[in-house]
Every structure is written in structure tokens, then in C-alpha cells.
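Worksheet for the structure shown next.
If you're wondering where the values come from, they're calculated on a predicted model, not measured in any experiment.
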Amino acid sequence: AATSRDNPDAVDMLIFDSRTEEFQKVSNGAPYYSRTPQWSPDGERIVFTGAESMSNLSEPSSWSIYISDVKGNGRRITHGTYPYWSPAGDEILFVRTDGLYVYDLIRNTEKQVYPFPGGKSNISVKIGLSRDGALFAMSVPRLHSTFLFKIVSWKPFQMNLLKKIYESERTDFFWPV
């Protein structure tokens with residue numbers, strides 16, 4: 001997946017087909033800014049974040065989450081940012097201004113699974129999920145902390161704090177992966 005600035009008013013989400021050597025736009029419906037692509041476990045779909053406007057981009061809840069197939073047939077599923085697939089590919093873990101959420105793609109429902117420490121967040125919070133979906137990391141610059149969790153279960157979603165790392169104000173914050 002890649003982004004393109006062919007349109008000066010937008011950043012589109014593209015995928016590259018190595019067989020045809022062509023790009024396919026998959027960010028249909030997210031006209032201004034697309035980012036944070038993640039392939040589904042089966043490699044058939046992509047989830048990404050898009051902004052419908054360029055206002056208030058510092059708030060995670062002002063972004064939207066989209067799912068698309070490789071042909072660009074997609075839809076907006078909810079508001080939020082930093083989407084990650086569950087290992088089974090039937091849920092999406094994502095960030096909103098007030099916490100961490102899971103969206104169930106089968107039931108088309110969402111649930112807050114973790115309120116943010118301190119109650120509110122902005123786009124500077126970064127998250128990462130291990131490839132096997134067992135570990136989750138979250139960097140919260142406002143609290144000068146990074147949190148590492150063990151995901152105990154996806155259905156229902158449960159995670160336990162393994163470690164909280166306090167960082168000095170001079171420490172650069174990493175993007176958990």
C-alpha cells in the first residue's frame with residue numbers, strides 16, 4: 001500500500017499489483033487524506049484511516065476508518081484512527097479520542113475496550129499490535145509513558161498490562177510495532 005499526491009488537495013491510498021505493475025486507488029470515499037494502511041490477515045482487504053476534511057486532524061475521533069478490497073470497493077465503518085486487524089480478520093482495533101475500541105465486522109458494532117489514561121487523547125498517541133495479535137503497545141506522550149499489554153482474548157476483548165515505561169521529557173517516543 002502507498003499514498004499518492006496526484007491530486008494536490010488529497011492524499012489517496014493506493015495498492016500496487018506486482019503482476020500488472022499498476023496502481024489501484026482504494027481510498028474511494030476518503031477524499032482528503034488517507035494513511036495508516038493495514039492488510040487483513042487473508043490479504044484480501046485493507047483497512048486505513050481517512051479524513052473527510054482537513055479541520056481538527058489532531059483529534060482521533062475526527063478521522064474515519066475505511067475498509068476496501070483490492071478493487072477499491074470500500075466503505076467507511078466508523079470514526080477513529082490507527083486501525084489494526086484482529087488475528088481472525090473479523091474485528092478492527094482502533095483509537096478514538098476517549099480510548100481504545102474494537103469494531104466487530106460481522107455484527108457491525110463497536111465497543112470501547114480501554115479508556116485512555118487521563119481521559120482524553122490526541123493524535124500523538126501511537127499504538128502497535130504484534131503480528132500474532134498477542135501483544136499491544138501504546139505510547140502516550142502527554143503522560144510520558146509507553147504501555148505494553150498482553151491480549152488475553154479477542155472475543156470478548158481483554159488485555160492485561162504487562163509493563164508501564166515512564167519516559168523522561170527529553171526522550172523521543174517510539175512508534176510501537
Side-chain angles (χ1 to χ4, degrees), residues 1 13 30 33-51 56-69 74-177:
M13 185 65 56
Y33 190 69
S34 300
R35 64 187 198 140
T36 65
Q38 297 287 329
W39 283 102
S40 62
D42 64 7
E44 298 293 321
R45 297 173 292 167
I46 191 168
V47 64
F48 60 93
T49 302
N56 204 20
L57 295 180
S58 66
E59 293 289 325
S61 296
S62 67
W63 293 81
S64 290
I65 296 174
Y66 295 82
I67 294 180
S68 178
D69 64 17
R75 65 184 175 104
R76 185 184 76 76
I77 61 167
T78 191
H79 289 286
T81 190
Y82 304 124
Y84 282 89
W85 292 92
S86 68
D90 59 351
E91 293 180 307
I92 304 290
L93 182 68
F94 65 96
V95 171
R96 278 217 183 124
T97 304
D98 63 342
L100 190 65
Y101 284 75
V102 170
Y103 187 91
D104 185 318
L105 294 166
I106 307 299
R107 294 183 180 91
N108 290 319
T109 59
E110 59 188 55
K111 180 180 180 181
Q112 186 182 42
V113 294
Y114 186 79
F116 277 134
K120 189 174 179 185
S121 172
N122 63 28
I123 205 75
S124 67
V125 167
K126 306 293 187 240
I127 67 170
L129 185 65
S130 63
R131 289 184 194 268
D132 64 359
L135 295 174
F136 171 74
M138 177 173 56
S139 175
V140 185
R142 182 176 51 81
L143 299 177
H144 305 290
S145 299
T146 297
F147 301 84
L148 180 62
F149 296 89
K150 167 82 175 139
I151 296 177
V152 179
S153 168
W154 278 88
K155 289 189 185 251
F157 188 87
Q158 290 180 286
M159 63 183 188
N160 294 332
L161 181 65
L162 293 176
K163 186 168 186 102
K164 180 178 181 180
I165 304 163
Y166 293 97
E167 301 166 348
S168 74
E169 291 185 36
R170 298 174 302 191
T171 303
D172 290 332
F173 290 89
F174 74 97
W175 186 289
V177 290

List in chain and number order the residues that pass side-chain hydrogen bond (donor to acceptor under 3.5 Å, both in side chains) with [X], two or more places apart in sequence or in another chain; answer none if no residue qualifies.
X	answer
Ser86	Asp90
Lys111	none
Glu91	none
Arg107	Asp104

Output for pair (Thr36 OG1, Tyr84 OH), nearest 0.5 Å, gives 8.0 Å
Would you say the side chain of [Y] lies within less than 4.5 Å of the side chain of [X], judging by non-hydrogen atoms?
X	Y	answer
Ile46	Asp69	no
Ile92	Ile77	yes
Ser139	Phe147	no

Residue pairs, two or more places apart or on separate chains, that pass salt bridge (charged side-chain N to carboxylate O under 4.0 Å, His left out) and touch residues 38-51:
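Qualifying pairs: none.
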Going by ring-ring contact (aromatic ring centres under 6.0 Å, His included), name the residues that satisfy it together with Phe149, two or more places apart in sequence or in a different chain.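 Listed in chain order: Tyr114, Phe136.
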Residues passing the ring-ring contact (aromatic ring centres under 6.0 Å, His included) test with Trp154, sequence neighbours excluded, are Phe157
- Regarding Arg76 and the six-membered ring of Tyr66, is the cationic atom NZ or CZ under 6.0 Å from the ring centre and inside 45° of its axis?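 No, Arg76 does not sit over the ring of Tyr66.
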Sorted by chain and residue number, the salt bridge (charged side-chain N to carboxylate O under 4.0 Å, His left out) partners of Asp98 (sequence neighbours excluded) come out as none
Ignoring hydrogens and geometry beyond distance, is a side-chain donor-acceptor pair present between Glu110 and Thr78 at under 3.5 Å?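 Yes, side-chain donor-acceptor contact under 3.5 Å.
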So which atom in [X] and which in [Y] form the shortest heavy-atom distance, rounded to 0.1 Å?
X	Y	answer
Pro87	Gly133	CG-CA, 3.8 Å
Arg96	Gly80	CG-CA, 4.3 Å
Leu148	Leu161	O-CD1, 3.5 Å

